[in-house]
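First comes the structure, then the notes that go with it.
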Amino acid sequence: MSTPASLLRRIESPADVRALPPECLVPLAAELRAFLIDQVPRSGGHFAAGLGTVELSIALHRVFDTPADLLVWDVGHQCYPHKILTGRRDRLGMIRKRGGLSGFLRRDESPYDAFGAGHSSTSISAALGMAVASAALGSPRKTVAIIGDGAMTAGMAYEALAHAGVTDADLLVVLNDNQMSISPNVGGLSRYLNCGAAGDHGRFFEALGIRYTGPVDGHDLPALLAALTEQRARQGPRLLHVVTRKGCGYAPAEKDPVKYHGVTSFDPRVGIVPPAAAAAATYTDVFGAWLCEMAARDRRLVAITPAMREGSGLAQFAARYPHRYFDVGIAEQHCVTFAAGLAAQGLRPVVAIYSTFLQRAFDQLVHDVALQKLPVLFAIDRAGLVGPDGATHNGSYDLSYLRCLPGMTVMTPASGGELRDMLYTGLQHDGPVAIRYPRTAAGACGDEAPQLLRHGSAQLMRSGSRVALLAFGTLLAAARTVAETLDATVLNMRYVKPLDVRMVLDAARHHELLVTLEENAVAGGAGAAVRECLAEHRVNVPLLSLGLPDRNIEHGTRDEVLQEAGLDSASILTAIERMRPGQAPRRSPRRFHPASAIVRALSIGIGR
């Protein structure tokens, strides 16, 4: 890591920022921005958003007595300058790496992180609660929520503003308006902020009871310091509108803030260069290609995303079918119910959403989709462990919360080709369907047309003896590796709901141990479905359910987090060997050839 320049080297805490002579603050901002441009491309991480909050971070820590005063940053994409100013400069090179800094806000990482954040639009609600608590405790501390205009597309932010406006809470909301979310912003408020005359900007907030000031140039440090100093002296709920540029100070990021929002390592002298050879297609790529292909064949198909166009693989679809593409902003609840309305009138909506974000719309899944049996297809990306983004973004619970919904079909592909088949099958199904897939390479798909899968059918991949491995989606490859050592049977279960009961019971009757493998919390997940099946049919066979443990899995590489969760091949093998001794009487070794499995293999083919 290069040595920080002279001013930045002197900053070990915000108290050092407050001790600097005023004439040193603008040079400090220049050094902080240069440090970000030098360091983040080495390690990778969120890049453009932090470049836009350099002056704002300095001004906030200069004006407010942190950590006694509370800064509540929304999401965390914009928090790298804040981390650097609060004693974490020398650890920035390990951000989002195993044992290193989180890419988001963590209360257990620093006393300056007043509230944890990984999902958006929570800052105003949390800060309002803190401000009300401070008043109740007789504390004079100030509370500030810093929220981007992208996060202001979410209903939760409006709920918090509506509540704050009828209180006398000492709450300052700083609206960091850079006209961007991860993708360009959408929605009426964005248009209102960007197009209204200066005197008109505050009417909406004033109507809610929030005193409005602005807009202020977020890169004019003296003006920003003056505005924040004025706000610190005020009381009651108030909002300071700050206008910034995402990627400020690094021309390629200013020109293309979407590309530079989250980066892997690159040379900042030349910018991000496309790889010479195309990278292996991911499940996201396979989904995006299938969506365009199917849209050409079925005019009923429409696609919806809650502000994740690029991340969910919808950029090509949005370009080719703009009138059938809907970015609803960071509004997951609205996203799901909007899809239900489309389905109720005969369209076939496909909701492209990350597993971790679908959690925010659970009531809408229950009440608006499942209860009404509407044919909404959920393409659930980033299922399982996501690696560097860590615990806030792991897709740990979707199998558990989807499986309990009556009428919901839940599928788990183990390859790109299987994903295409499942999407095609799900689109034909007359009811809600969820297909969850990981953030990994999908393997070769081939050019053949997708095939209709038989509802609730598993697939025999390998016949063995004594142990049967029941793999749900992402862990099929690990199961096959383990099976070669144990001479075990491998079943690609494909469906979590409805479960292939006949295949499960056949496996139970011919093996001394069943092992379920899933990249989901064990509680209530696919393994629980198998356990319930065995209990219902009064089949007594040892069952080892391997999945995500009952603790948060932190950030690291994909291999590191799988190993920590005990879901790499070596850990799975060890768990099985510990389970086998003394658990059941040994039967004479014989390979698994139940008639039902043979019929399936012959009728639907090993690859289908």
Side-chain angles (χ1 to χ4, degrees), residues 43-46 76 88 91-110 113 116-119 262 264-265 282-283 354-357 359 380-401 412 414 436-441 469-483 485-486 496 515-528 543-579:
S43 60
H46 298 115
R88 289 169 274 183
R91 291 192 285 155
L92 192 71
M94 284 292 289
I95 199 161
R96 291 162 45 92
K97 290 182 169 60
R98 196 74 181 151
L101 297 176
S102 169
F104 301 100
L105 283 304
R106 292 280 299 259
R107 295 181 70 227
D108 58 359
E109 185 176 287
S110 170
D113 293 358
H119 293 180
T264 55
S265 59
T282 65
Y283 283 87
Y354 289 10
S355 172
T356 187
F357 299 148
Q359 296 165 187
I380 305 173
D381 206 330
R382 270 58 166 187
L385 298 174
V386 294
D389 278 337
T392 59
H393 283 60
N394 286 333
S396 304
Y397 313 111
D398 54 74
L399 294 184
S400 301
Y401 66 71
T412 58
R436 55 106 73 171
Y437 47 91
R439 185 187 187 180
T440 62
L469 305 176
L470 284 60
F472 292 85
T474 57
L475 297 178
L476 179 61
R480 298 181 83 161
T481 299
V482 171
T485 300
L486 296 178
V496 176
V515 181
T516 60
L517 301 171
E518 62 185 305
E519 218 171 314
N520 185 84
V522 172
L543 173 65
L544 173 61
S545 294
L546 297 180
L548 300 181
D550 190 22
R551 66 177 186 275
N552 291 322
I553 303 296
E554 302 299 346
H555 48 280
T557 66
R558 169 81 173 163
D559 289 343
E560 287 170 339
V561 295
L562 281 172
Q563 184 176 25
E564 184 191 340
L567 295 178
D568 62 305
S569 298
S571 299
I572 292 169
L573 184 60
T574 298
I576 293 171
E577 293 293 358
R578 287 174 178 168
M579 178 74 174

Identify the heavy atoms of [X] and [Y] that sit nearest to each other, and give their distance.
| X | Y | value |
| --- | --- | --- |
| Gly556 | Val561 | N-CG1, 3.9 Å |
| His393 | Phe104 | CE1-CZ, 3.3 Å |
| Ala478 | Ile572 | CB-CD1, 4.0 Å |
| Ala479 | Leu469 | O-CD1, 3.2 Å |
| Ala526 | Leu399 | CB-CD1, 4.4 Å |

So, taking the atom named [atom1] in [X] and the one named [atom2] in [Y], what distance separates them when rounded to the nearest 0.5 Å?
| X | Y | atom1 | atom2 | result |
| --- | --- | --- | --- | --- |
| Ile380 | Tyr437 | CD1 | OH | 8.5 Å |
| Leu562 | Ile553 | CG | CD1 | 9.5 Å |
| Leu476 | Leu470 | CG | CG | 11.0 Å |
| Leu385 | Asn394 | CG | CG | 5.0 Å |
| Lys97 | Thr557 | NZ | OG1 | 10.5 Å |
| Thr481 | Leu573 | OG1 | CG | 10.5 Å |

Could you check whether any side-chain N or O of [X] sits under 3.5 Å from a backbone N or O of [Y], counting only pairs where one atom can act as donor and the other as acceptor?
| X | Y | answer |
| --- | --- | --- |
| His555 | Ile95 | no |
| Glu518 | Gly527 | yes |
| Tyr283 | Arg382 | no |

Self-check item: Tyr397, OH atom: more than 12 neighbouring heavy atoms under 6.0 Å
Solution: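 Incorrect, the count does not exceed 12.
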Quiz prompt | Asp108 atom CG: more than 12 heavy-atom contacts under 6.0 Å | solution =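 Result for CG/Asp108: enclosed.
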Practice problem: Applying side chain to side chain contact (heavy atoms under 4.5 Å, CB included), run through Asp113 and Arg88 and close with a yes or a no. | Solution: CA-CA 12 Å; Asp113 293 358; Arg88 289 169 274 183; 2.9 Å; yes
Quiz item: Going by the angle between their ring planes, with limits at 30° and 60°, are Phe357 and His119 parallel, tilted or perpendicular?
Solution: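 Perpendicular, since the angle between the ring planes exceeds 60°.
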Exercise. Run through Ser400, Ser355, Ser396 and flag the one making a side-chain hydrogen bond (donor to acceptor under 3.5 Å, both in side chains) with Asn520.
Key: Ser400
Practice problem: Let me see the working for Leu567 and Leu548 under side chain to side chain contact (heavy atoms under 4.5 Å, CB included), right down to the final yes or no. | Solution: CA-CA 8 Å; Leu567 295 178; Leu548 300 181; 3.7 Å; yes
Quiz prompt | Pair Glu554 + Arg106, salt bridge at N-O below 4.0 Å | solution = yes
Practice problem: State plainly whether the residues Asp389 and Arg439 are in salt-bridge range, i.e. N to O under 4.0 Å. | Solution: yes
Exercise. Tell me yes or no: between the side chains of Asp568 and Ser571, is some donor less than 3.5 Å from an acceptor?
Key: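 Judged by distance alone, the side chains do pair up.
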Quiz item: Looking just at side-chain N and O atoms, do Thr474 and Glu519 make a donor-acceptor pair shorter than 3.5 Å?
Solution: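 Thr474 vs Glu519: donor-acceptor pair found between side chains.
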Exercise. Could you walk me through whether Phe472 and Leu517 pass side chain to side chain contact (heavy atoms under 4.5 Å, CB included), step by step?
Key: CA-CA 6 Å; Phe472 292 85; Leu517 301 171; 6.0 Å; no
Quiz item: Would you say Thr485 and Glu577 make side-chain contact, with heavy atoms under 4.5 Å?
Solution: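 Result no, sub-4.5 Å side-chain heavy-atom pair not found.
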